[in-house]
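What follows is a single structure, written as structure tokens, with notes after it.
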Number of protein chains: 2
Amino acid sequence: MKIGELAQVAQCTVETVRYYEKEGLLSAPARTMANYRSYGELHVERLRFIRNCRALDMTHAEIHRLLGLMDQPAGDCGGVNQLLDEHIAHVDVRMAELSQLKQQLRELRQRCQSEQAMDACGILQGLASMETEPRHERQTHLG
Amino acid sequence: MKIGELAQVAQCTVETVRYYEKEGLLSAPARTMANYRSYGELHVERLRFIRNCRALDMTHAEIHRLLGLMDQPAGDCGGVNQLLDEHIAHVDVRMAELSQLKQQLRELRQRCQSEQAMDACGILQGLASMETEPRHERQTHLG
DNA sequence: ACTTGACCCTATAGTAACTTCAGGGTGTGC
DNA sequence: GCACACCCTGAAGTTACTATAGGGTCAAGT
Ligand SMILES: [Zn+2]
Ligand SMILES: [Zn+2]
Ligand SMILES: [Zn+2]
Ligand SMILES: [Zn+2]
């Protein structure tokens, strides 16, 4: 199986596959005589796994950890469960941030109900007079 | 006013101020004889405005547009209102995405209630068997 | 006068997860 | 024998900063 076919079954681009190999998420496959990458079923499974993790917005670091845990079939899955809990917490943090943002934006939007002169716009006035607060450290990788 | 003082009143770092200048968000100030940047009240206002926009997770492109609209005081504020509506839509899209993600993660988490053997872990099984869907184009800049 | 320390300057590289591009080889159907 | 789809590598672009290297400026203390 060549890279184009692999990319198609995993719903991603050829460039993404090559990128994952460079990142160490996907192991380097055998090559044909023409130096083409040649993949098997295991690569398909692993790439689909990675894409599913990405669809859940895990980072490459998280996926790396997960793959590392999976590749030690002797142990128990406690680390897997924990990783998922941590990632769910990342999502929770970002959802809370966005809720607050949404509320602020709603209030700001209410300050101008119609098209006015520029310097009468309550939105611009609001943006100028907001309390500027220091950027706090992020507790989530979700932007 | 030197750059350190400006950064302090705007709750950001000196590097960020210099970066905004390079990006064209903040106009280049006068220089002292020692080649130090020298800022006035207008710079303070503009930087605070920018930081407030960033606190609302607007992109630099959005802030650029906003500053461009503000700098034409002759027009009405329709564009400002529209920009805010668009940005609120960005937040809405991302909140909806995260809600769905959270639901998926909750379901996935439920598939493993205790520490089991690695190949019995319902989470890993779930991640392996999820329907891999193509990445759709993003309708929001919020990660 | 000399040094220490806090501040300032520029330019460059690194972050995350890709995407795009330049410049080239391979393989198949007509 | 040639068009065209596919493959290869390596480098640069994306966003909004952050960090580092390597240097200049200035006020206070000794
Ligand atoms: Zn996470
Ligand atoms: Zn308005
Ligand atoms: Zn937006
Ligand atoms: Zn488990």
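Quantities reported herein were computed from a predicted structural model and do not represent experimental measurements.
- One N or O donor and one acceptor, one from the side chain of Y36(B) and one from the base of dG24(D), sit under 3.5 Å apart.
- Residues R111(B) and C121(B) fail the side-chain proximity criterion, which asks for heavy atoms closer than 4.5 Å.
- Ring geometry for H141(B) against H90(B) counts as perpendicular: the plane angle is over 60°, on a 0 to 90° scale with 30° as the lower cut.
- Among the nucleotides dA17(C), dA16(D), dT10(C), the one closest to the side chain of T59(A) is dA17(C).
- Note: H60(A) and Y19(A) meet the aromatic proximity criterion, with ring centroids under 6.0 Å apart.
- Within residues 4-18 of chain B, the residues that place at least one heavy atom under 4.0 Å from DNA chain D are, in residue-number order, T13(B), T16(B).
- Looking at V80(A) and M118(B), their side chains come closer than 4.5 Å, going by heavy atoms from C-beta outward.
- Residues N81(A) and C112(B) have side chains in contact (heavy-atom distance under 4.5 Å, counting atoms from C-beta outward).
- In terms of modelled atom types and a separation under 3.5 Å, the side chain of R18(B) and the main chain of K22(B) share no donor-acceptor contact.
- Distance from the side chain of R51(B) is smallest for dC17(D) among the nucleotides dA17(C), dC17(D), dC26(D).
- Across all strands shown, R31(A) has heavy atoms under 4.0 Å from sugar-phosphate atoms exclusively, and none from any base.
- In this structure, the nucleotide among dT12(C), dC8(C), dT26(C) sitting nearest to the side chain of K22(B) is dT12(C).
- One can place CG of L142(B) at 14 Å from P of dT15(D), the figure rounded to the nearest angstrom.
- Side-chain contact between P29(A) and M1(A): absent, with no pair of heavy atoms (C-beta onward) separated by less than 4.5 Å.
- If S38(B) and R135(B) are placed on DNA chain C by their nearest nucleotide, the residue sitting closer to the 5' end is S38(B).
- Of the charged side-chain nitrogens involved, none lies within less than 4.0 Å of a carboxylate oxygen, so that R46(B) and E41(B) do not count as a salt-bridged pair.
- In this structure, R37(A) reaches the dC8(D) phosphate: one of its side-chain N or O atoms is under 4.0 Å from OP1 or OP2.
- Checking the phosphate oxygens (OP1, OP2) of dC17(D), a side-chain nitrogen or oxygen of H60(B) falls inside 4.0 Å.
- For dT14(D), the OP1/OP2 oxygens have no side-chain nitrogen or oxygen of R138(B) closer than 4.0 Å.
- Formation of a donor-acceptor pair under 3.5 Å by the Q104(A) side chain with backbone atoms of L101(A) is not found in this model.
- Position along DNA chain C of the nearest nucleotide to M33(A) versus Y19(A) favours Y19(A) as the more 5'-ward residue.
- When the C1' atoms of four end pairs are superposed on the next four at each end of the helix from dA1(C)-dT30(D) to dC30(C)-dG1(D), using five pairs per end, the two resulting axes differ in direction by 30°, to 10°.
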